[in-house]
Amino acid sequence: MFGQKNDSLAQKQEAEKIALERAMQACRDELKKMHEATPDDAERMNKLLKDRCGQDKTLPFDFKRKVLERARLYECNANMRAADAALHTALRLAAGEQMVQRAQKLGEGRRYFSKACMLGAGDDFRAAAQRLMENIMMTGGVQHKGPTRAKPADFAPRAPNRAKA
């Protein structure tokens, strides 16, 4: 009798331990997927992890804290990568005088930049992205085809090539 209770208690504890390990491994797997995810996917996965950690009372507090910190960091990194890519694309479009597409990519880059800042992006990234946005705004849109009022066409005859005496 007494041995059966100990066995069932040990089995119950072992089952709880296995369930806890599975829940922790599921959180780790989600974090691995988040590492290279797009910003939208990273946001969705972060929300899923928050819900899972909030509902599961068996997970240790330190583990939950570490998982949520890492998830926030990965979401921030995803937004930083997307902002950087969009801003560099906008700079190329601005240099190519494609102003409509430049404005779209610049808006997309600013949206990702603001999300990254909200999630705790570093000061170096903030300064670099702001400089890049300023460069994008100053690039393009001023090149004119043909003569303008500031630079009229040159109608004077060309001087023949002579050696200097």
Side-chain angles (χ1 to χ4, degrees), residues 22-56 59-162 164:
R22 282 185 184 157
M24 290 171 74
Q25 190 59 43
C27 290
R28 288 186 200 110
D29 292 341
E30 279 296 316
L31 281 176
K32 285 180 185 176
K33 290 179 193 174
M34 248 181 114
H35 188 63
E36 294 294 325
T38 63
D40 295 333
D41 290 341
E43 184 177 1
R44 182 182 49 78
M45 289 178 194
N46 190 7
K47 185 175 177 115
L48 182 93
L49 279 172
K50 281 181 183 177
D51 292 344
R52 180 177 289 169
C53 287
Q55 292 172 354
D56 195 353
L59 290 173
F61 177 75
D62 289 340
F63 179 79
K64 288 181 190 180
R65 185 176 50 78
K66 287 179 183 177
V67 164
L68 293 178
E69 282 177 7
R70 185 65 53 97
R72 184 179 174 102
L73 175 69
Y74 286 166
E75 185 180 354
C76 179
N77 287 342
N79 281 296
M80 287 168 53
R81 282 193 311 270
D84 190 53
L87 291 174
H88 279 88
T89 303
L91 186 60
R92 281 194 301 279
L93 291 170
E97 296 293 323
Q98 299 172 342
M99 303 310 281
V100 174
Q101 294 91 342
R102 178 207 78 160
Q104 291 171 345
K105 283 295 181 181
L106 183 60
E108 181 182 329
R110 283 181 173 159
R111 189 179 73 236
Y112 289 130
F113 171 74
S114 66
K115 278 187 182 180
C117 289
M118 196 171 59
L119 292 167
D123 292 335
D124 292 341
F125 171 75
R126 289 176 191 226
Q130 287 171 344
R131 280 194 307 269
L132 189 54
M133 284 186 264
E134 289 172 3
N135 286 341
I136 292 167
M137 292 303 295
M138 290 189 282
T139 303
V142 294
Q143 190 174 16
H144 299 285
K145 306 279 190 252
T148 63
R149 188 174 191 188
K151 190 171 182 180
D154 187 16
F155 295 113
R158 295 245 181 246
N161 291 333
R162 294 186 208 172
K164 292 184 179 180

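Residue numbers start at 1 and run along the sequence shown.
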Could you state the interatomic distance from CG (Leu87) to CD1 (Ile136), rounded to the nearest 0.5 Å? 4.5 Å
Enter the distance from Gln98:CD to Leu93:CG here, rounded to the nearest 0.5 Å. 5.0 Å
Under 4.5 Å between any side-chain heavy atoms of Asp51 and Lys47, yes or no? yes
Taking all non-hydrogen atoms of both residues into account, name the closest pair between Ala90 and Lys105 and its distance. CB-CB, 3.7 Å
What closest approach, in Å, do Ala78 and Ala42 show between heavy atoms, and which atom pair accounts for it? CB-CB, 4.0 Å
The criterion is side-chain contact (heavy atoms from CB on, under 4.5 Å); which residues satisfy it with Lys64, sequence neighbours excluded? Cys53, Leu59
What pairs of donor and acceptor atoms, side-chain ones from residues 26-38 against any protein atom, are under 3.5 angstrom apart with sequence neighbours left out?
{"residue": "Arg28", "atom": "NH1", "partner": "Glu21", "partner atom": "OE2", "Å": "3.4"}
{"residue": "Arg28", "atom": "NH1", "partner": "Gln25", "partner atom": "OE1", "Å": "3.2"}
{"residue": "Asp29", "atom": "OD1", "partner": "Gln25", "partner atom": "NE2", "Å": "3.1"}
{"residue": "Thr38", "atom": "OG1", "partner": "Asp41", "partner atom": "N", "Å": "3.3"}
{"residue": "Thr38", "atom": "OG1", "partner": "Asp41", "partner atom": "OD2", "Å": "3.1"}

Is any side-chain heavy atom of Gln130 less than 4.5 Å from a side-chain heavy atom of Phe113? yes
Under the side-chain contact (heavy atoms from CB on, under 4.5 Å) criterion, do Met45 and Leu49 qualify, and how do the steps go? CA-CA 6 Å; Met45 289 178 194; Leu49 279 172; 5.6 Å; no
Can you spot which of Glu108, Glu75, Glu43 makes a salt bridge (charged side-chain N to carboxylate O under 4.0 Å, His left out) with Lys115? Glu43
Compare all side-chain heavy atoms of Met137 with those of Glu134 and state whether any distance is below 4.5 angstrom. no
Residues 66-74, side-chain donor-acceptor partners within the protein, below 3.5 Å, at least two apart:
{"residue": "Glu69", "atom": "OE2", "partner": "Arg65", "partner atom": "NH1", "Å": "3.4"}
{"residue": "Arg72", "atom": "NE", "partner": "Leu119", "partner atom": "O", "Å": "3.3"}
{"residue": "Arg72", "atom": "NH2", "partner": "Met118", "partner atom": "O", "Å": "3.2"}

To the nearest 0.5 Å, how far apart are CZ in Phe125 and CG in Asp84? 6.5 Å
Distance (rounded to the nearest 0.5 Å) between Leu106 CG and Gln104 CD: 11.0 Å
Closest non-hydrogen atom pair, Arg126 against Ala121: NE-O, 3.2 Å
side-chain contact (heavy atoms from CB on, under 4.5 Å) between Leu132 and His88: does it pass, once the steps are laid out? CA-CA 8 Å; Leu132 189 54; His88 279 88; 3.6 Å; yes
About how many Å separate CG of Asn77 and CE of Met80, when rounded to the nearest 0.5 Å? 5.5 Å
Which heavy atom in Cys76 sits nearest to a heavy atom in Gly120, and how many Å separate them? SG-C, 4.0 Å
